[in-house]
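A short write-up of the structure that comes next.
Just so it is clear, the values below take in all heavy atoms, side chains as well, and ignore hydrogens, waters and symmetry mates. One is the number of the first residue; the rest follow in order along the sequence.
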Amino acid sequence: MLRLIASSLCLRCQRPPALPVNLRPCVTLSSAENQQTVAALYDLSVDIQKVRKLKGWVLHQSPAYTKEVADLLRDMGASGSVIARILAVHPESVLCPPEQVKAQRALWMSVCPNQKELVSIIEKFPASFFTSSSHHDNQRDNIAYFQSLNLNKRIVTKLMASAPQSFSRPVAENQLMVQTLQQAYRELGGEDANMKIWLQKLLSQNPFVLLKPPEALRQNLLFLRDRGFTTAELLRLLSKLRGFVTELNPDSMRRTLAFSRDATGCSEEELRGIVLSCPALLYYPEEILSERFKGLLDAGVSMSQIRETPTVLELTTQIVSYRIQRLKAHGYDVRTGSLQALNGTKKDFEMSCGKLQIRRERPLFNPVAPLRGDD
């Protein structure tokens, strides 16, 4: 059982190459600022002082293609204010030759539905778009590979934007990690019919999982199996879609689990149930967990309540304290009620408070009061 876990993958941990700071080897550094670049940025209403403070080296390089890059962005539908923000945040873009920007545009449009969305992506992730031309072949090959997996184009675009390093490296490295994830999913009982959706969600929520060594997956699954988690439970954890199996390591999980068990006074079996309800528990070091346990206990919450609703540990002490006071103002006492009232996003919590407010203000119906008749 679990051939993936039991067998050695014999893989080497390879760090992805960092994207070079200088986009082109032909640029030259001058002791004085390139006045043409400064003037062009000024004409585009770019915050020159911000550029000087954060990336002043760009202003000293020549040649630069400020006007050409701005024109290409404008042709894609970018407004003047958007162009100014892009160039202020990522002034290195002016060092990209126009032909390189055009090639990147064609590449991204192969997965982007339209140029308007591409402009939005560039505004949020300019460094992902304005990359070195030396990565172009790897980007093209990786796009083709992920499309061959029948992944949604939006997922591929999100991967390119949020984890550009994974598209700049050789496609074989991504293939190895994806195949390892797929094999783990199958070995743990996952169905092939659900494979594509599972993989899309995993990569969407944690695109950096591609940059992790496949060996980390094997080690973490081995550790959790040794702690008593069943095959089905391991699949549940793997399917929590946050990539914890590659973000963590056995040593950190061992310390966290030991602290949590001692703090809650629960058995190993009960601890596994808590982890299955709140996998994020594995992320937190002892110092953070200690602070959060203390904050809840100081507020009058019992340890049994925490064991019943462990997801409350995902909230910071400050958020918990604030929410407890808000609920108290609406007549809800967490010491006697469920801690579930503390959970949820900010929007969810505000909606819950609104319902409590309505409940307090609504007059009670008296079943024995005489009905008002017509005069």
Side-chain angles (χ1 to χ4, degrees), residues 17-136 138-140 143 154 156-168 207-208:
L19 297 180
V21 174
N22 293 327
L23 297 174
R24 296 177 295 110
C26 58
V27 293
T28 57
L29 182 64
S30 171
S31 58
E33 289 184 348
N34 184 331
Q35 292 305 309
Q36 289 184 330
T37 302
V38 173
L41 291 173
Y42 180 81
D43 290 341
L44 293 167
S45 300
V46 176
D47 187 342
I48 300 294
Q49 295 307 317
K50 181 177 181 179
V51 174
R52 285 196 177 107
K53 181 179 179 180
L54 299 179
K55 298 180 179 179
W57 60 271
V58 173
L59 302 178
H60 293 265
Q61 300 202 54
S62 182
Y65 307 93
T66 310
K67 184 180 181 302
E68 292 85 347
V69 169
D71 287 343
L72 283 166
L73 290 172
R74 192 175 292 109
D75 289 342
M76 283 187 269
S79 65
S81 59
V82 168
I83 293 172
R85 283 196 295 270
I86 292 173
L87 299 185
V89 172
H90 193 72
E92 303 98 308
S93 57
V94 305
L95 304 180
C96 294
E99 59 272 15
Q100 180 178 323
V101 180
K102 291 178 181 178
Q104 280 293 96
R105 178 175 62 183
L107 192 69
W108 282 74
M109 285 306 298
S110 67
V111 289
C112 264
N114 53 64
Q115 291 196 133
K116 180 180 179 181
E117 185 161 331
L118 178 54
V119 169
S120 178
I121 291 172
I122 297 173
E123 185 177 6
K124 295 176 183 176
F125 304 96
S128 300
F129 181 81
F130 295 102
T131 58
S132 172
S133 58
S134 62
H135 300 305
H136 190 87
N138 284 339
Q139 287 178 310
R140 185 185 62 249
I143 287 175
R154 290 186 180 276
V156 179
T157 305
K158 184 173 182 178
L159 285 173
M160 290 178 66
S162 55
Q165 303 95 323
S166 62
F167 277 74
S168 299
F208 294 101

Checklist entry - What residues, two or more places apart in sequence or in another chain, satisfy salt bridge (Lys or Arg N to Asp or Glu O under 4.0 Å) together with Lys158? => result none
Next on the checklist: Run the side chain to side chain contact (heavy atoms under 4.5 Å, CB included) test against Ala88 and tell me which residues pass, sequence neighbours left out.
Outcome noted: Val46, Lys50
Item to check | Residues that Asp71 engages under salt bridge (Lys or Arg N to Asp or Glu O under 4.0 Å), provided they are two or more places apart | outcome: Lys67, Arg74
Next on the checklist: A side-chain contact here means heavy atoms from C-beta on lying under 4.5 Å apart; do Tyr65 and Pro97 qualify?
Outcome noted: yes
Checklist outcome for this item: Scanning both residues in full, the closest heavy-atom pair of Leu118 with Met109 reads CD2-SD, 3.8 Å
Next on the checklist: In the structure I gave you, are the side-chain heavy atoms of Met160 and Ile143 within less than 4.5 Å of one another anywhere?
Outcome noted: yes
Checklist outcome for this item: Residues passing the side chain to side chain donor-acceptor pair (under 3.5 Å) test with Lys55, sequence neighbours excluded, are Glu92
Checklist entry - Closest heavy-atom contact between Leu44 and Ala70? => result CD1-CB, 3.7 Å
Checklist entry - Hey, what do you get for CG (Leu72) to NZ (Lys102), rounding to the nearest 0.5 Å? => result 6.0 Å
Item to check | Distance (rounded to the nearest 0.5 Å) between Ser132 OG and Gln104 CD | outcome: 9.5 Å
Checklist outcome for this item: What one should report as the nearest heavy-atom pair of Ile121 and Cys112 is CD1-SG, 3.7 Å
Checklist entry - Less than 4.5 Å apart, any side-chain heavy atom of Gln139 and any of Thr131? => result yes
Checklist entry - Does some side-chain heavy atom of Gln100 sit less than 4.5 Å from a side-chain heavy atom of Phe130? => result no
Item to check | Note, Arg52 side chain near Val38 side chain (heavy atom, < 4.5 Å) | outcome: yes
Checklist entry - Within a strict 4.5 Å, meaning less than it, do heavy atoms of the Leu107 and Arg140 side chains meet? => result yes
Item to check | Minimum side-chain heavy-atom gap Phe167-Leu159 below 4.5 Å | outcome: yes
Checklist entry - What closest approach, in Å, do Leu95 and Pro63 show between heavy atoms, and which atom pair accounts for it? => result CD2-O, 4.0 Å
Next on the checklist: Consider side-chain contact (heavy atoms from CB on, under 4.5 Å). Of Leu87, Val58, Ile122, which one does Ser93 pass it with?
Outcome noted: Leu87
Next on the checklist: Could you work out, with salt bridge (Lys or Arg N to Asp or Glu O under 4.0 Å) as the rule, every residue matching Glu123, not counting sequence neighbours?
Outcome noted: Arg85
Checklist outcome for this item: When rounded to the nearest 0.5 Å, the distance separating CZ of Arg105 from CG of Leu73 is 9.5 Å
Checklist entry - About how many Å separate CD of Gln36 and CG of Leu59, when rounded to the nearest 0.5 Å? => result 13.0 Å
Item to check | Check: Phe129 and Val101 side chains under 4.5 Å, non-hydrogen atoms | outcome: yes
Next on the checklist: Give me the atom names and distance for the closest heavy-atom approach of Ser45 to Ala84.
Outcome noted: O-CB, 3.7 Å
Checklist outcome for this item: Exactly one of Asn34, Thr37, Asp43 clears side-chain contact (heavy atoms from CB on, under 4.5 Å) with Thr66, and that residue is Thr37
Checklist entry - Crowded around Glu99 CD? As in, over 12 foreign heavy atoms under 6.0 Å? => result yes
Checklist entry - Between Ala103 and His136, which heavy-atom pair has the shortest distance, and what is it? => result O-CE1, 3.5 Å
Checklist outcome for this item: Those residues at least two apart in sequence (or on a different chain) that pass side chain to side chain donor-acceptor pair (under 3.5 Å) with Ser110 are none
